[in-house]
There are 2 protein chains.
Amino acid sequence: MARVTITQVAAHAGVSVASASRALNGLIASPQTVAKVQHAAEELGYVADATAQSLKRGRTNQLVYAVADIGNPVYVEMMTAVERVVSASGYRLVLSSMGTLSSSVDVVRDLSRGYVDGMILSPLRVTDELLAVLAKTPVPVVVLGHLPDSQSIDNVRADSRTAMRLVVDHLAAEGRRDVTFVNGPSDTTPGAFRRDGFAAAVAAHPEILARSVEAEDFTIGAGYAAARRVLSGEFRPDAIVAANDLIGIGVIRAAEDFGLSVPGDIAVTGIDNTELAGVVRPGLTSVDLGADERGRAAAELLLQRITDPARPAHTIAVAPSLVVRGSSLARRPDPASSPTRDHTEHTDLNEEREAG
Amino acid sequence: MARVTITQVAAHAGVSVASASRALNGLIASPQTVAKVQHAAEELGYVADATAQSLKRGRTNQLVYAVADIGNPVYVEMMTAVERVVSASGYRLVLSSMGTLSSSVDVVRDLSRGYVDGMILSPLRVTDELLAVLAKTPVPVVVLGHLPDSQSIDNVRADSRTAMRLVVDHLAAEGRRDVTFVNGPSDTTPGAFRRDGFAAAVAAHPEILARSVEAEDFTIGAGYAAARRVLSGEFRPDAIVAANDLIGIGVIRAAEDFGLSVPGDIAVTGIDNTELAGVVRPGLTSVDLGADERGRAAAELLLQRITDPARPAHTIAVAPSLVVRGSSLARRPDPASSPTRDHTEHTDLNEEREAG
DNA sequence: ATGAAAGCGCTAACAG
DNA sequence: CTGTTAGCGCTTTCAT
């Protein structure tokens, strides 16, 4: 199918390109002109060329959500929230992954070239290089993830400190005393903040013995491998705090391999409260970091930034909440923690207990 | 940051825009011109405007993967495979979701406007309207998912018939005789083909009593709800074949609610062999439909189509393979099916048995 | 209400 | 090797 241009439509309709353009865009034109043009466009199968239109108008009506780790369902959840907001404002949202194939700096630079009217970024690592590119990019940006406070970039963040406090307080209350934190890479933004949050949280609990290890990344497999190292080591904790749900699920699997009962022998918690947390058995206690809310907030910030580029940068922090499931209940015999418990009366997959 | 154009760079470097363009694009230019231009570009923070470049060149160097159900991890897996191939050829890949927010027809029509040089589509439903739009879209398309044979559109498909046969043969061999198929919506492409495949497969097993129900969609929650209906009904099967892994996981949860042991009381199988199948307990027996392979094949077809638009349309079918895990083992007491089995010697998350 | 013409930022002939 | 010029397809003054 060869591309048909507005010139051809105009010729076919017997009017000038200007009239054709006006008719097509609903600007002032006589009814008969509109009719002729629409008929011609229909007949020829005309669709306006997006690049030409964008060049002329200076807008693409397209926004992008660029994410480092699309394998993590929490980012899918955020994207869905973003899409809901921006599509209501007439924008199309595309997703761009900045994985190992292309660095986040390259992606941002590329996107800055005018393919999109704005972008929301969820980078795993905020390097100086990335900040430099971000500072001089001509397209509006909001970062979904912690940013150094000095930056004048719109920013939506979770509250890792409170999240870790909720988890540690909960474990302490359930009687756990030897807690190991299985972090993701601590040179990532979430890794660094969750590490610091954990340290601060356990500092408030002198009765707790705390240790930390790092998984290679934020995946089930890496969590599994890291937990195997922990469990085969000299000290066997009675609780493992995972830096996210995927790592937490890997930890549960590793505990199972070692013949340990969760939560009987060892409690496990995650972060993000993804759907998976409610699906594995035992259910994974997790901190909800408000993915939907963060996605929504980021989208709204971006739309406002586009509307008013001179507006001062905002930072929004979303409050976390703890969702308790079977994986972290107290050691005392508790029928609720049994995976064969009868749920016949339930209609919900996640038999959870709100807290925090 | 205001956009800086090549005109400004040229002026700053004291050369013509043509020379600036040539220097920037590595075409013939004297070393000193190149130096001056690069220096000027650097200093001004010049980035070529993508829309202008695309308009002029007639290419965007951008491909899109449009998918209906981004919540299903199998599509993420396919996208990753697609990205690997296309990025090796210098294209950027973006993902576009065609969910409830925008129909697939709208997405295709929109994308056809020139934002991308090609697209790979994974639609849930192939309507006549979609086929009509596809037939007249000026940008190369390959469809990842079954297409009517009459279409002259590049197409990569799974082999649902063989997939269902593998599952049913396996269950029959394991001694199951009362098998219920929990399909997704049968008005979707995968739903229709898996339904037909199941029917054909059980037809070869007169010893099996077969029934079917439909889940509202291909999600864990819908699978859970559908399975609850099945299990609270008059006839309780000794095996449930789920139309995909997510539904299968929901089925396992429902069985648990009813106090049924999987696979002791009831076997469960899935389709897609996603990572989740190896993570739930018991491990979910699943048919691998070759997501990686299909993604790769689709990407290659698209690149070839872009290179040679006149090339006849190809159809590629990828062969499935059965991956047996604990959820479908024989009813006879088998320690391997116990969720608390000791896996200390394993280093892999998926203790699976290849077959088929 | 309509047409002629300019021009968005860039690349590619074409002359020199 | 370089500068001048045309033009990608579209929208938008500016006259009429």
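All chains are named by letter (A, B, ...) in the order of the sequence lines, taking the proteins before the strands, and each is independently numbered beginning at 1. Worth knowing before you read on, the calculation uses all heavy atoms, side chains too, and leaves out hydrogens, waters and symmetry mates. Remember, it's a predicted structure, so these values are computed and weren't measured experimentally.
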Novice: Apply side-chain contact (heavy atoms from CB on, under 4.5 Å) to Ser54(A) and list each qualifying residue two or more places apart in sequence or on a separate chain.
Specialist: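 Counting only residues at least two positions away or on another chain, Ser54(A) forms a side-chain contact (heavy atoms from CB on, under 4.5 Å) with Thr60(A), Thr51(B), Tyr115(B).
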
Novice: Please name all residues satisfying ring-ring contact (aromatic ring centres under 6.0 Å, His included) with His12(A), sequence neighbours left out, ordered by chain then number.
Specialist: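 ring-ring contact (aromatic ring centres under 6.0 Å, His included) check on His12(A) returns nothing, list empty.
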
Novice: If the test is side chain to side chain contact (heavy atoms under 4.5 Å, CB included), which one of Arg113(B), Met119(B), Arg109(B) qualifies with Thr137(B)?
Specialist: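 Looking at Arg113(B), Met119(B), Arg109(B), the match for Thr137(B) under the side chain to side chain contact (heavy atoms under 4.5 Å, CB included) is Met119(B).
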
Novice: Answer yes or no: is there an ion pair linking Asp292(A) with Arg84(A), defined by an N-O contact shorter than 4.0 Å?
Specialist: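 The answer is yes: the pair qualifies as a salt bridge.
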
Novice: Could you write nucleotides 7-16 of chain D as a row of B, S and -, 5' to 3', where a protein heavy atom under 4.0 Å of any base atom gives B, of only sugar-phosphate atoms gives S, and otherwise -?
Specialist: BBBBBBB---

Novice: Pick base, sugar-phosphate or nothing for Thr33(A), based on heavy-atom distances below 4.0 Å to the nucleic acid.
Specialist: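 It contacts sugar-phosphate atoms only.
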
Novice: Between Asp154(B) and His314(B) (side chain of the first, backbone of the second, donor and acceptor by atom type, cut-off under 3.5 Å), is there such a pair?
Specialist: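 Indeed, once roles are kept as given, a pair shorter than 3.5 Å links the two residues.
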
Novice: Got a salt bridge between Asp49(A) and Arg3(A), using NZ or NE/NH1/NH2 to carboxylate O under 4.0 Å?
Specialist: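 Judged by the 4.0 Å cut-off on N to carboxylate O distance, Asp49(A) and Arg3(A) do form a salt bridge.
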
Novice: CG of Asp308(B): more than 12 outside heavy atoms within 6.0 angstrom?
Specialist: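 Atom CG in Asp308(B) is packed in, count exceeds 12.
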
Novice: If the cut-off is 4.0 Å, is Ser16(B) near the phosphate of dG3(D), judged by side-chain N/O to OP1 or OP2?
Specialist: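 Yes, Ser16(B) has a side-chain N/O under 4.0 Å of OP1/OP2 on dG3(D).
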
Novice: Using C1' atoms of five pairs at each end, report the bend of the helix from dA1(C)-dT16(D) to dG16(C)-dC1(D) rounded to 10 degrees.
Specialist: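 Here the local axes at opposite ends form an angle of 40°.
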
Novice: Check the distance between dT11(C)'s C1' and Asn61(B)'s CG and give it to me in whole angstrom.
Specialist: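 One finds 14 Å between C1' of dT11(C) and CG of Asn61(B), rounded.
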
Novice: Counting only non-hydrogen atoms, which of residues 106-115 of chain B are less than 4.0 Å from DNA chain D?
Specialist: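 Nothing qualifies; none.
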
Novice: Please determine whether a side-chain nitrogen of the Lys or Arg among Asp149(A) and Arg157(A) lies less than 4.0 Å from a carboxylate oxygen of the Asp or Glu.
Specialist: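 Looking at Asp149(A) and Arg157(A), the cut-off is met.
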
Novice: So, using side-chain contact (heavy atoms from CB on, under 4.5 Å) as the criterion, who are the partners of Phe193(B) when residues are at least two apart?
Specialist: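 For Phe193(B), the residues satisfying side-chain contact (heavy atoms from CB on, under 4.5 Å) (neighbours in sequence not counted) are His146(B), Ser160(B), Thr189(B).
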
Novice: Is the closest side-chain heavy-atom distance between Val67(A) and Leu95(A) below 4.5 Å?
Specialist: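 They are in side-chain contact.
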
Novice: Please give, in whole Å, the distance from dG9(C) C1' to Arg59(A) CZ?
Specialist: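 After rounding, the reported distance stands at 18 Å.
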
